[in-house]
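Presented below is the structure to which this report refers.
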Amino acid sequence: MRTCNYISAAVASPPPLIRQWPGGISWRRPSRLQCSATRTRHQDDPDNKGDNRLKQNTGIFHPSIWGDTFLGYSNPAASSQQQMTEREDKLKEEVAEMIASSSTATAASRLQLIDALERLCLDHLFEEEISAALAQIETADVSGYDLGTVALWFCLLRKHRYTVSPDVFVRFKDEEGGFLVDGPKDLLNLYNASHMRTHGEVILEEAVLFSQTRLERMIPYMEESSLAREIKSSLEIPLPRRVRIYESKYYISAYEKDATLHETVLQLAKLNSNIMQLHHRQELDIITRWWKDMDIESRLPFARDRIVECYLWILGVYYEPCYSRARIILTMNIAIATIVDDIFYSYATPEECELFTKCMESWDSKGARDLPECMKFALEKIFNSYETIENMLRQEEKYRMPYLRYSAKDIVRSYNKEVKMLQEGYIPKSVEEHLKVSMMTGGCPFLSCASLVGMHDIATEECFDWVSSVPRMVQALSVILRLVDDLESYERERLIPHVASTIDSYMKEHNVSIEVARGQIHVLKEESWKDFNSEWLNTDNNAYPKQILERIFNLTRTMEFMYNKGENFTNCHNLKDTVDSLLLAEPFAIPI
């Protein structure tokens with residue numbers, strides 16, 4: 001039985017805001033000197049001596065920009081935790097009454113309140129109240145609403161899996177085929193709503209083209225304002241596809257300046273943001289200690305040191321405090337997948353990849369004697385980490401581990417297939433053929449399964465059966481990732497030996513230029529979003545809790561963010577401002 005120094009049978013005093021899981025989790029507390037010393041240890045490590053490849057491949061990726069920033073975090077606000085909790089409960093009661101009483105308000109103000117709660121990441125505190133309000137709003141007669149209100153109504157309901165008809169926009173069509181709008185806000189709402197479209201919804205296709213064209217023409221002439229900023233953000237990533245937690249602090253500040261929201265909601269938003277920041281910082285401290293214990297920086301110096309960015313990614317999948325265990329487990333899994341990805345594509349020979357894959361398939365490192373020391377080390381650390389994860393589960397939850405291990409084996413098998421394609425210089429003859437392999441190597445089926453492992457009882461065995469079958473919703477997520485990744489990383493990957501992208505396959509299949517192929521891959525990405533939206537609204541998926549389906553939707557949203565204007569996960573400087581805002585910025589000053 002392997003043991004881990006950072007795991008114990010129980011934790012006597014877990015961090016105040018972190019629930020104690022079955023099996024407990026503890027850690028060694030290395031000093032800053034010890035942590036810093038590991039950065040150059042690979043040069044003198046006896047296990048690494050004589051490994052010329054290891055030395056040659058060191059420094060492929062930019063080192064972590066965070067150092068020990070998230071180790072041993074202490075926040076003065078933690079001392080007032082009890083007061084914060086009591087104040088939050090009081091404010092929640094007031095806002096809950098506000099949502100309930102909004103039934104007598106105008107439709108526009110009611111919709112705007114729900115929209116604001118979602119943008120401020122407060123909606124998880126009022127799931128029942130918002131659900132009841134939307135059930136009433138769905139049946140409302142919208143024939144007298146203006147376009148902006150109808151678009152907000154449509155967008156909110158579809159985001160909550162209501163299959164409302166796009167025919168509500170017919171009466172806004174003009175004789176020239178455009179839409180009757182009163183200003184940029186109407187256009188923006190129409191633009192965002194139209195991105196919840198599915199296949200065959202012609203009027204929403206027209207709405208996308210109409211609103212996008214006019215917003216792009218309008219933005220150069222707009223003065224700096226929150227509306228101008230919102231339009232720019234939506235033109236980059238439409239609102240239904242954006243990750244709300246990444247923007248929540250901006251919206252708190254924006255609403256405060258514009259004074260468009262009730263003061264009670266703003267106070268609750270600030271307090272909730274402070275409480276979540278405490279949770280997230282404490283979780284990242286735990287995860288960073290696990291990562292330091294993995295010793296990847298010294299033993300696998302060719303790999304990406306991106307544990308903070310891994311956590312940020314997963315924070316977009318679920319930010320709510322109740323998902324603390326799930327967040328930690330999913331972060332560990334995406335970090336492990338990154339290690340294996342870098343071993344296969346930045347270090348190992350094809351023969352070593354094959355042997356590594358066999359060890360993963362047998363879930364045993366005994367067959368690894370012919371592997372380099374660093375790959376043996378990685379295998380042991382991976383297997384130990386899965387023991388750590390299993391120890392975090394209650395006895396009745398341990399059935400989840402075979403699903404997770406199967407998904408982990410599957411992604412490694414897919415990596416191995418891609419390595420063989422690269423070795424042979426093979427370019428799949430079509431995008432369809434390419435996606436049969438590459439939609440798996442993106443890791444989305446693996447992450448979809450892993451996202452459920454740490455969730456509570458709502459993640460049932462039926463949910464694991466569903467997600468492990470790679471259903472159409474997960475397939476659409478996987479295709480979206482593969483296409484946005486290829487669109488953003490194609491030029492960089494052309495400069496180094498790399499497996500062919502979907503752009504290469506499209507050029508080969510249709511004998512067209514790079515520019516044409518890129519344009520068509522973008523079109524295919526939008527078609528894949530229609531596939532995803534169709535599955536989001538598919539009533540067959542009602543058999544699974546909405547909280548489960550939302551994990552898949554949120555994963556899809558994070559893919560758009562991580563590959564917006566570059567491969568942001570690898571190019572970690574691109575994510576610095578978001579990390580600073582969510583995890584390092586001073587808490588909001590509020591009266592307790």
Side-chain angles (χ1 to χ4, degrees), residues 313-314 317-318 323 325-338 340-341 357-364 382-383 385-418 435-482 528 531-532 534-536 538-556 558-559:
W313 196 323
I314 300 317
V317 180
Y318 22 35
Y323 292 123
R325 181 183 69 164
R327 220 166 10 252
I328 289 176
I329 289 174
L330 186 53
T331 301
M332 292 170 69
N333 275 282
I334 196 172
I336 288 169
T338 303
V340 178
D341 184 293
T357 302
K358 288 179 179 178
C359 291
M360 286 290 293
E361 287 177 328
S362 64
W363 210 259
D364 194 335
I382 290 169
F383 294 150
S385 294
Y386 275 82
E387 286 188 8
T388 299
I389 292 170
E390 185 164 7
N391 289 337
M392 294 169 71
L393 303 179
R394 300 193 303 270
Q395 186 60 41
E396 61 270 23
E397 296 173 326
K398 292 187 185 295
Y399 74 87
R400 301 173 178 186
M401 290 307 296
Y403 290 99
L404 180 59
R405 284 192 288 266
Y406 177 84
S407 293
K409 295 175 186 178
D410 210 33
I411 190 174
V412 173
R413 280 192 289 263
S414 299
Y415 286 154
N416 197 37
K417 288 179 184 177
E418 273 201 348
L435 290 173
K436 286 180 181 178
V437 175
S438 62
M439 66 180 282
M440 300 299 293
T441 55
C444 294
F446 167 65
L447 293 177
S448 297
C449 177
S451 71
L452 308 189
V453 173
M455 293 182 74
H456 305 308
D457 295 343
I458 199 164
T460 63
E461 193 163 357
E462 290 73 23
C463 294
F464 280 91
D465 286 336
W466 174 76
V467 79
S468 297
S469 71
V470 192
R472 286 193 291 269
M473 182 180 286
V474 175
Q475 291 174 32
L477 155 63
S478 304
V479 173
I480 289 167
L481 168 62
R482 173 49 50 211
S528 300
D531 292 338
F532 187 91
S534 296
E535 286 305 305
W536 176 247
N538 188 346
T539 55
D540 290 345
N541 290 326
N542 290 348
Y544 311 103
K546 185 183 174 187
Q547 293 93 324
I548 298 296
L549 303 179
E550 282 177 339
R551 305 290 72 81
I552 311 302
F553 203 157
N554 286 344
L555 269 169
T556 316
T558 64
M559 302 308 168

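These numbers come from a predicted model, not from an experiment. Residue indices begin at 1 and follow the sequence shown.
Not a single donor-acceptor pair under 3.5 Å links the side chain of R482 to the backbone N or O of L435. Within the 3.5 Å criterion, the main-chain N or O of E535 finds a donor-acceptor partner in the side chain of N541. Judged by distance alone, with hydrogens and angles left aside, the side-chain atoms of R551 form no donor-acceptor pair with the main-chain N or O of Y318 at under 3.5 Å.
Each of V467, V317, V470 was checked for a side-chain contact (heavy atoms from CB on, under 4.5 Å) with S448, and the lone residue meeting it is V467. Applying the side chain to side chain donor-acceptor pair (under 3.5 Å) test between E396 and each of R394, R400, K398 identifies R394 as the sole match.
Side-chain contact check for V453 versus L393: some heavy-atom pair is nearer than 4.5 Å. You'll find the side chain of M439 stays beyond 4.5 Å of the side chain of C444, heavy atoms only.
Ring pair Y399/F464 is perpendicular by interplanar angle, where above 60° counts as perpendicular and below 30° as parallel. Taking the six-membered ring where the residue is Trp, F383 and W363 present tilted rings, their angle falling between 30° and 60°.
Rounded to the nearest 0.5 angstrom, L452 CG and I329 CD1 are separated by 11.0 Å. Atom CZ of R405 and atom CE of M360 lie 10.5 Å apart (nearest 0.5 Å).
Here T460 pairs with E462 under the side chain to side chain donor-acceptor pair (under 3.5 Å) rule; sequence neighbours left out.
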